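Presented below is the structure to which this report refers.
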Protein chains: 2
Amino acid sequence: MAPEIHDTVAGLLREFEQRYTPVRRRLVTAMLAAGRPLTAAEVQAAARDVPQSSVYRNLADLEQVGAVVRVAAADEFTRFELAEGLTDHHHHLLCRGCGKVVDFQLPPAVEASVARAVLAAARRAGFREETHRVDLVGRCRSCQ
Amino acid sequence: MAPEIHDTVAGLLREFEQRYTPVRRRLVTAMLAAGRPLTAAEVQAAARDVPQSSVYRNLADLEQVGAVVRVAAADEFTRFELAEGLTDHHHHLLCRGCGKVVDFQLPPAVEASVARAVLAAARRAGFREETHRVDLVGRCRSCQ
DNA sequence: CTACTTGCAAATGCTTTGCAGGAGA
DNA sequence: TCTCCTGCAAAGCATTTGCAAGTAG
């Protein structure tokens, strides 16, 4: 599964005449291994020897080509994860205590009805949908 | 409707031995009138003559007593709105272009099934739910 | 009088950017 | 060799905080 993802990212970058450099591959690998949204600091920790500015800059680049998305959590840190298309469609459990973010999926029937309802609301308000989020905000086991 | 809300806010503050001062009332009034989440700067603009630091400090105080919640939008600005209980349960349309945030509601049946599914997912992951969010991320009419 | 509040100014801290050197094609 | 990428250091900018004066109860 991993090679496919790297190929896809390389392709996305190529569309914008950018390269899939070793640094970028390290960042993608880190996010892939995590399986949950990571803060810039967590990405940096996982991708040793990549300076902070390169982490931020490359995450921004990967975001622009559509390989990475920013995730708004319940704390002050922006988090990053691989975009849908590279992974599956999922949602997040956000901990108000420690900021932790965990992935989860809705039952297909619920997902479908949410998708439909959200799209309808968007249409009514003149929005063009790009994606939707269903987040739960609460407290994880260790923060209760 | 307005007086009730002010009374409720005053009560929440009193529980924490804090006062419902004129400045705080101006902030609440501004958010009430807006009917959508406001950035700190927008709150300040609506509540003339309140210095920036007082806006931030009082929004933080109001958040702590449960009268206000922070809303994560699609841009870099945190937004604030009156908490549920003071208003109704609703969700947000977020514009990636200009950051605009618009309220919307799900059909009751969809809302109920989402609530159920989210709660189940939380339980499975050991999270205690405080609230959930259903956001649409896209582009508003003028940013398409 | 004893807290809680306010306002100014300065600090904090995540994130972004300028610039010079390095590397891929 | 031309463009993209990297790394360091410095800047940006929303948000927070210290402190002294003000005010409600």
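Remember, it's a predicted structure, so these values are computed and weren't measured experimentally. Each chain gets a letter, A, B and so on, in the order the sequences are listed, and its residues count up from 1.
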Contact check, side chains of B:Leu13 and B:Leu62, non-hydrogen atoms, under 4.5 Å
yes
May I ask you to say what A:Asn58 touches in the nucleic acid, namely base, sugar-phosphate or nothing, with a heavy-atom cut-off under 4.0 Å?
sugar-phosphate
With sugar-phosphate meaning primed atoms plus P, OP1 and OP2, does B:Glu17 contact a base, only sugar-phosphate, or nothing at under 4.0 Å between heavy atoms?
sugar-phosphate
Do B:Cys98 and B:Cys140 touch side chain to side chain, with heavy atoms closer than 4.5 Å?
yes
For the side chain of B:Arg57 and the base of D:dG18, is some donor closer than 3.5 Å to an acceptor across the two?
yes
Can you tell me how far CE of B:Met31 sits from CD of B:Glu42, rounded to the nearest 0.5 angstrom?
12.0 Å
For A:Val23, which contact category applies under a 4.0 Å heavy-atom criterion: base, sugar-phosphate, or nothing?
sugar-phosphate
Measure CD/B:Gln52 against C1'/D:dC13 and give the value in whole Å, please.
10 Å
Between C:dT5 atom P and B:Leu27 atom CG, what is the distance in whole Å?
13 Å
For the base of C:dC8, is there a side-chain donor-acceptor partner from B:Ser53 under 3.5 Å away?
yes
Interatomic distance, B:Arg14 CZ vs C:dA3 C1' [rounded to whole Å]
17 Å
CG of A:Asp75 versus P of D:dA14: gap in Å, rounded?
20 Å
What is the distance, rounded to the nearest whole Å, between atom CZ of B:Arg70 and atom C1' of D:dT16?
10 Å
Please figure out whether B:Thr21 or A:Phe77 has its closest DNA chain C nucleotide nearer the 5' end.
B:Thr21
Give a yes/no on whether any side-chain N or O of B:Tyr56 is located under 4.0 angstrom from OP1 or OP2 of D:dT15.
yes
Most 5' of B:Thr78 and B:Arg19 on DNA chain D, judged by nearest nucleotide
B:Thr78
From CG of B:Asp49 over to P of C:dT6, roughly how many Å is that when rounded to an integer?
14 Å
Over how many whole Å does the gap from B:Arg24 atom CZ to C:dT5 atom P extend?
4 Å
For A:Glu76 and D:dC13, what is the distance between atoms CD and P respectively, to the nearest whole Å?
20 Å
Within less than 4.0 Å of OP1 or OP2 of D:dC5, is there a side-chain N or O belonging to A:Gln18?
yes
Quick check for you: to the nearest 0.5 Å, what is the distance between A:Glu84 atom CD and A:Glu130 atom CD?
11.5 Å
Enter the distance from B:Arg24:CZ to B:Thr29:OG1 here, rounded to the nearest 0.5 Å.
14.0 Å
